[in-house]
Trainee: 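Below you will find the structure I want to go over with you.
By convention in this document, chain letters (A, B, ...) are assigned in the order of the sequence lines, proteins followed by strands, and residues within each chain are numbered from 1.
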Protein chains: 2
Amino acid sequence: MADPPVTLKDVAARARVHPATASRALNPETRLLVREDTAQRVLEAAAALGYRPNTVARSLRTRRSHSVGVLIPDLNNPLFPPIVRGIEDRLAAAGYVALIGNTDGDADRERMLFEQMRARHVDGLVLATVHLGDPLLAESARADLPVVLMNRLAHDYSLPSVSVDNERGIRMAVAHLAGLGHTRIAHIAGPQEVSTGLARYRGFIAAMEAHGLTADPDLIVTAKSFSIDEGMRCAQLLMERDASCTAVAAANDMLAIGCYAALDEVGLSCPADLSVVGFNDMPFIDRLRPPLTTIRFPHYQVGTEAAQLLLERIAGHTGPVKVLFLAPELVVRGSTGPPGATGTPPGPGPGRAVQPSGPDR
Amino acid sequence: MADPPVTLKDVAARARVHPATASRALNPETRLLVREDTAQRVLEAAAALGYRPNTVARSLRTRRSHSVGVLIPDLNNPLFPPIVRGIEDRLAAAGYVALIGNTDGDADRERMLFEQMRARHVDGLVLATVHLGDPLLAESARADLPVVLMNRLAHDYSLPSVSVDNERGIRMAVAHLAGLGHTRIAHIAGPQEVSTGLARYRGFIAAMEAHGLTADPDLIVTAKSFSIDEGMRCAQLLMERDASCTAVAAANDMLAIGCYAALDEVGLSCPADLSVVGFNDMPFIDRLRPPLTTIRFPHYQVGTEAAQLLLERIAGHTGPVKVLFLAPELVVRGSTGPPGATGTPPGPGPGRAVQPSGPDR
DNA sequence: CGGTAGCAGGCAATCGTCTGCATTGGTGGA
DNA sequence: TCCACCAATGCAGACGATTGCCTGCTACCG
């Protein structure tokens, strides 16, 4: 029952031209090589027959698959869907598609997916998973495969990348807490092998110093991964060590959720007993109780920009490597308040907290 | 700098055989046509050269792209990432990849993505977006393109599908509420053009009758989409109409979140003033306050099963069409309680509520 | 009127792999 | 001894589109 697929030859026959001419007429790049009326004739024939170019054959000849690989840790992490959509939408506009690969933070899986992508002849890669000094980078370079990094920086290779200004973001978080009157501020750091974790840790130290506060080593715990479980573990560790901190700046929202869970378990409440700031402003994070104060950055745009950068490299732009930093933004919600404000649960809604100008109350 | 890609011809030359022989030796299906030692020689040559078959050329010849299209409403809806991962993982195990398309519920976008998928010669489609009587189904059938439906049923075509038993799920929700003593139970229905919305609505009516309760038309509102905004609108409508209901069974979790928002706005609390039940058990829904009581089904497995069904059709299995229903499960959390239990905020944590045997308290 | 520039379009090779058919060499049976 | 047959491999033609090169043809200039 399946209609035999209509090929370029069929179109050419109907328009009474050679397939080569039909090809040129159909391709916007080469249309001008063909007389206007001939081109029209071909276009009409194509439309009449419902011609759809065979992308596979085209790819074989042009060595362009019009597809790119996207390696992320896990699609289930709510941070990624908006980014992926950004990538897909920008790519689609250029006639490209994305092949998504989830590494689950496993280097073996990452390598396997990388091989698979290469076998499928992707025209480029967006990597959100590389750790510092990842061998994949060298391999991509050797294969002349364009690569763009997302939320990661590579120190040993100079590669295009898109990420948020992590230092600045965490500085905003610390400034917010210090402004509320907190002095004993803890940090739940992310894994230090990924640039995100490292940059936020460094930013935290710098921000504390800038505010004349001491970054007590006892108040810094490092998570093994950006997960709720790890956030909970670290928060518990903090509470066991010494209860003297009144606020926590977590390296991301997942870790912050872990804090919530740890507080719940011992019957403490946020922000009365402990203020918590996250990082990322994940979707739905504003639906928690209390809604999380966090650092927002434009997820979708990270995706579109990464795709844009990659498309430029694929198109052969050889200019200087672009390293893009997107500006973070502090979103004040209900999870932060002045220290020791027991019994003052904040109302719902994303009311913007006022920066107290002095030590009022 | 790019190494010239190694082709089958290179491998053949190194193994001193004809490319055809090399091809046969490399393909498990045809290996037995080649003498054992020759095959070994080819395999070694391939390994030594780091040969990677060109999937594009293979596809052109065999007319199999080893890729399938997946059309979903929106990757940002947290329901889908786990499902998509299920699909991807199962496909990957069979050497296939998924091309994801987000329709945003827009029929034009859906059609465009469908065309794009066809142009890329996907071997099959997983559709989570079709509405009743979607023309895409007829078109796929005409093109001999295998299709599997997800969370949807088509009444006019008999197609393989995977979905949750919606009627049974909503019945469990109603039974739970009735068991707590609720009699005035409202329903925020989903869009009736999609089978999910329709099935849950019907299930609600049937369940109410089965419990000897009246499904008051005043207590049924239909949302235009499965979104938070619509959930909020519908909940407000319910409260405006008549405050006599003590519980709401929402057609999905997004609508339930909308209820939460509506309650917040007028200062009512859940479950003291209103019990709410959702449907889907989306990721992170257990982190809300109160944690949402909802109907769970195995998202990831929906994905793997759908992929499995599709792979079977692609492989040419022509047996009877399989329609798979996965069993739902009631997850009792903090958003439901006995009617009129004002002043008894439930503690945190996913404690399993006890079914009261009689009207205690 | 001859020469040439330049446009339109045809020809054929190519991308890398698969596969139906032909060819080779060896074996067993009559 | 000859023939038929089988196993193992070579041969060559697709698959469908792109593109460098070449051929006609027209038109313009001197």
Side-chain angles (χ1 to χ4, degrees), chain A residues 2-43 45-46 49-67 95 118-123, chain B residues 2-43 45-46 49-67 95 118-123:
Chain A
D3 307 341
V6 24
T7 81
L8 193 55
K9 213 187 299 187
D10 301 329
V11 175
R14 185 175 229 264
R16 296 186 312 284
V17 294
H18 191 271
T21 308
S23 169
R24 286 190 266 256
L26 257 14
N27 188 330
E29 307 278 318
T30 52
R31 168 121 2 121
L32 39 105
L33 294 177
V34 169
R35 213 167 1 118
E36 180 54 26
D37 57 330
T38 316
Q40 272 312 317
R41 204 145 33 89
V42 173
L43 256 32
L49 294 173
Y51 170 70
R52 246 192 295 271
N54 185 329
T55 18
V56 177
R58 192 214 299 286
S59 289
L60 178 58
R61 178 66 226 253
T62 61
R63 350 212 69 215
R64 276 289 171 83
S65 66
H66 285 263
S67 67
R118 290 214 53 194
R120 294 206 166 250
H121 289 104
V122 294
D123 294 341
Chain B
D3 307 342
V6 26
T7 81
L8 194 53
K9 212 187 298 187
D10 301 328
V11 176
R14 186 175 228 264
R16 296 185 313 282
V17 293
H18 193 271
T21 308
S23 169
R24 286 190 266 257
L26 258 13
N27 188 331
E29 307 277 319
T30 52
R31 169 126 357 124
L32 40 104
L33 294 177
V34 168
R35 210 163 8 116
E36 180 54 27
D37 57 330
T38 317
Q40 273 312 318
R41 204 144 33 87
V42 173
L43 256 32
L49 295 173
Y51 169 69
R52 247 192 294 271
N54 184 330
T55 18
V56 178
R58 195 212 297 284
S59 289
L60 178 58
R61 180 68 228 257
T62 61
R63 349 210 73 220
R64 276 288 171 81
S65 66
H66 285 264
S67 67
R118 289 214 54 194
R120 293 205 168 251
H121 290 108
V122 294
D123 294 341

Trainee: Ignoring hydrogens and angles, tell me if any N or O in the side chain of R31(B) forms a donor-acceptor pair with the backbone of A25(B) under 3.5 Å.
Mentor: yes
Trainee: Once rounded to the nearest 0.5 Å, what's the spacing between atom CG of L8(A) and atom NE2 of H18(A)?
Mentor: 10.0 Å
Trainee: Would a distance-only check, ignoring hydrogens and angles, find a side-chain to backbone donor-acceptor pair under 3.5 Å from R52(B) to A119(A)?
Mentor: no
Trainee: Can you measure R64(B) atom CZ to dG16(D) atom P for me and round it to whole angstrom units?
Mentor: 15 Å
Trainee: Please report, rounded to the nearest Å, how far the P atom of dT19(D) is from the CG atom of L8(A).
Mentor: 12 Å
Trainee: Grab the NE2-P distance between H121(B) and dG16(D) for me, whole Å please.
Mentor: 8 Å
Trainee: 5'-most contact on DNA chain D: R63(B) or A39(B), nearest heavy atom basis?
Mentor: A39(B)
Trainee: L60(B) side chain: which of dG16(D), dA12(D), dT17(C) is closest?
Mentor: dG16(D)
Trainee: Expressed in angstrom and rounded to an integer, what is the separation of Q40(A) atom CD from dA8(C) atom P?
Mentor: 15 Å
Trainee: Find the distance H18(A):NE2 to dG16(D):P and express it as a whole number of Å.
Mentor: 16 Å
Trainee: Under 4.0 Å, counting only non-hydrogen atoms across every strand here, what does P19(B) touch: a base, just sugar-phosphate, or nothing?
Mentor: nothing
Trainee: At under 4.0 Å, does any side-chain N or O of R58(A) touch on OP1 or OP2 of dC15(C)?
Mentor: no
Trainee: Please check the phosphate of dG9(C) (OP1 and OP2 only) for any side-chain N or O of R24(A) closer than 4.0 Å.
Mentor: no
Trainee: Mind checking if T38(B) touches a base, just sugar-phosphate, or nothing, with heavy atoms under 4.0 Å?
Mentor: sugar-phosphate
Trainee: Rounding to an integer number of Å, can you tell me how far K9(B) NZ sits from dT17(C) P?
Mentor: 10 Å
Trainee: What's V17(A) touching, base or sugar-phosphate or nothing? Going by heavy atoms closer than 4.0 Å.
Mentor: sugar-phosphate
Trainee: Choosing from dA17(D), dT19(C), dG9(C), which nucleotide comes nearest the side chain of T7(A)?
Mentor: dA17(D)
Trainee: Given dG16(D), dT19(D), dT9(D), which nucleotide is nearest the side-chain atoms of S23(A)?
Mentor: dT19(D)
Trainee: L32(B) CG to dA7(D) C1': how many Å, rounded?
Mentor: 12 Å
Trainee: dA8(C), dG10(C), dA17(D): which one has an atom nearest the side-chain heavy atoms of A57(A)?
Mentor: dA17(D)
Trainee: Of all the nucleotides listed (dG16(D), dA12(C), dC11(D)), which has the minimum atom distance to the side chain of A20(B)?
Mentor: dC11(D)
Trainee: Starting at CG of N54(B) and ending at C1' of dC15(D), how long is that distance when rounded to a whole Å?
Mentor: 13 Å
Trainee: Applying side-chain contact (heavy atoms from CB on, under 4.5 Å) between V34(B) and each of T21(B), V42(B), N27(B), V17(B), report the one that passes.
Mentor: T21(B)
Trainee: Which of these nucleotides, dT9(D), dA17(D), dT17(C), is closest to any side-chain atom of P53(B)?
Mentor: dT17(C)
Trainee: Without swapping roles, check the side chain of S23(B) against the backbone of P19(B) for a donor-acceptor pair under 3.5 Å.
Mentor: no
